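Numbers here simply count residues along the sequence, with the first being 1. All ligand and atom numbering here is 1-based and tracks the order in the structure. These figures come from a predicted structure and were not determined experimentally.
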Amino acid sequence: MTSMARIKTYLDCVSPYSYYAFTFLNKHREALKSHDVSVEFVPIFLRGVNVATGNQPPGTLPAKAAYLAIDIENAKRYFGLSALKKPSVFPVLTVKPQRGLIYIKNNFPEETYIEAFRLLWVSLWEQNKDISQEAQLAETWSGLFKEEELKRIIEATGKEEYKDALMENTNEAVQNGAFGVPWSVVRNAKGEETRFFGSDRFHFMWEFLGIGDGVGFVPSPKSVL
Ligand SMILES: N[C@@H](CCC(=O)N[C@@H](CS)C(=O)NCC(=O)O)C(=O)O
C-alpha cells in the first residue's frame, strides 16, 4: 500500500530560496521515502502569486533587501550552493522555463523532470544565463533530451495548454495559502494537512510528519525512532 504522507512543494526557478528547498528535499528524498513520505515538486509562477495575493517581492523593501543579502550568503553555505550568485538580468521572466517543466513532468520519467528543474537554477543562478530566451533555455536542457524532444518542449512553452497549466498550478498554490515560494503543502500519515513557507522550516515539517524530534533539520534515520 502506498503511504498517503507527502510533501508537495510549489517552486519557481526565479527564486533562490526555491533552489535551497529543492536541493534539500531532493537530497533527502530517499530518507523520506524510507519513512513512506513522497515528495512532489510543482512548477508555479511567483509573479502570479504576488499579483493574486497583493504581495511584493521581498527585495522591494530596502531593509529586507539588505537582510536578504546576508541571509542568502548563510543559506548558500548551509545548502552547499556556493556557486550561486545574483543573475545580471533579474528578475528574469520564468514563464517559459516553468511551462517547459510542466511538459517535461507530463512526458518524461520523474528523474529527468527533477534534473531539468535543477538545471534551470544552475543556468540562471550559477551560470548567469537568461533562461527567458528560448535559445538559452534549449541550451540548458540540451544534455537531457534528443533534438526532436527538445524542439517539442520549447514549442510547448508557447502553447495555450501549457500557459493554462502554469496558471492552474499557480492558482492551486494560492488556494493552498501560498503568498510566496517555496510553498509546501504537507500531509502526514494520519491524513492531516498543513503548510510551510520557506526553505528554513524543515524541522517543523519533520515534527509534523513524525520523522524527527522537531529540532533536527535532517530527517532522523528510521532506525533511531
Ligand atoms: N525565510 C524564507 C524566505 C523565502 C523567501 O523570501 N522567498 C521569496 C521568493 S525568493 C518570497 O516568495 N517571499 C515572499 C515573502 O517573503 O512574503 C526561507 O529561508 O526560505
Side-chain angles (χ1 to χ4, degrees), residues 7-28 32 39-95 97-98 101 117-118 120-126 128-132 166-167 169-186 194-209 212 214-219:
I7 301 168
K8 186 172 190 179
T9 302
Y10 300 92
L11 307 157
D12 186 337
C13 63
V14 78
S15 147
Y17 289 98
S18 290
Y19 191 13
Y20 303 141
F22 169 89
T23 302
F24 187 79
L25 284 171
N26 208 18
K27 182 171 165 188
H28 296 297
L32 289 163
V39 178
E40 183 188 354
F41 299 118
V42 184
I44 63 168
F45 183 46
L46 176 58
R47 201 181 292 177
V49 172
N50 286 339
V51 169
T53 59
N55 203 354
Q56 298 282 335
T60 46
L61 182 75
K64 222 177 201 180
Y67 175 71
L68 279 180
I70 299 169
D71 195 46
I72 281 180
E73 286 307 310
N74 283 331
K76 268 168 63 169
R77 205 174 46 251
Y78 184 83
F79 291 105
L81 295 168
S82 57
L84 187 147
K85 57 183 180 309
K86 192 172 177 181
S88 45
V89 180
F90 190 80
V92 74
L93 189 63
T94 54
V95 279
Q98 297 290 101
L101 282 176
F117 221 146
R118 191 187 71 83
L120 290 180
W121 281 292
V122 172
S123 271
L124 180 62
W125 284 94
E126 298 186 15
N128 197 20
K129 286 190 188 146
D130 180 357
I131 53 170
S132 66
L166 183 59
M167 213 183 303
N169 283 359
T170 305
N171 289 340
E172 182 187 295
V174 170
Q175 275 155 20
N176 280 325
F179 56 84
V181 286
W183 189 260
S184 298
V185 178
V186 180
T194 192
R195 310 120 177 213
F196 299 92
F197 169 58
S199 56
D200 52 357
R201 291 295 179 266
F202 292 112
H203 45 323
F204 295 149
M205 208 185 274
W206 306 155
E207 182 186 39
F208 177 73
L209 287 165
V215 178
F217 208 51
V218 171

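Where the criterion is an N or O separation shorter than 3.5 Å, residue side chain and backbone included, Ser15 fails it with respect to ligand 1. The shortest N or O to N or O distance between Asp200 and ligand 1 is under 3.5 Å. Checked by distance only, ligand 1 and Ser199 come closer than 3.5 Å through their nitrogen or oxygen atoms. Taking any N or O of Pro16, backbone or side chain, none lies under 3.5 Å from an N or O belonging to ligand 1.
What sits closest to atom 7 (N) of ligand 1 on the protein, heavy atoms only, is Val181 O, 2.8 Å. The closest protein non-hydrogen atom to atom 14 (C) of ligand 1 is Asn55 ND2, 3.7 Å. The closest protein non-hydrogen atom to atom 5 (C) of ligand 1 is Tyr17 CD1, 3.5 Å.
Taking a cut-off of under 4.0 Å to the non-hydrogen atoms of Gly198, the atoms of ligand 1 that pass are 2 (C), 18 (C), 20 (O). The ligand atoms of ligand 1 that sit less than 4.0 angstrom from a heavy atom of Pro58 are 6 (O), 8 (C), 13 (N). Those atoms of ligand 1 that come under 4.0 Å of a heavy atom in Phe179, given as number and element, are 17 (O).
To the nearest 0.5 Å, atom CZ of residue Phe202 and atom CD of residue Glu207 are 15.0 Å apart. Note that CG of Leu120 and CG of Leu124 are 8.5 Å apart. Values are rounded to the nearest 0.5 Å. Rounded to the nearest 0.5 angstrom, Asp200 CG and Tyr20 OH are separated by 11.0 Å.
Ion pairing of Glu172 with Lys8 is present here, as a side-chain N (NZ or NE/NH1/NH2) and a carboxylate O approach within less than 4.0 Å.
Under the side-chain contact (heavy atoms from CB on, under 4.5 Å) criterion, Asn128 pairs with Pro87, Ser88, not counting sequence neighbours.
Remark: distances from the non-hydrogen atoms of Tyr20 to ligand 1 are all 4.0 Å or more.
Residue contacts with ligand 1, taken as heavy atom pairs separated by less than 4.0 Å, involve Leu46 solely via side-chain atoms from C-beta onward.
The aromatic rings of Phe24 and Phe79 lie perpendicular to each other, with more than 60° between the two planes, well past the 30° mark.
Taking the ring centroids of Phe22 and Trp121, they lie under the 6.0 Å cut-off.
Within 6.0 Å of NZ on Lys85 lie more than 12 heavy atoms contributed by other residues, nucleotides or ligands.
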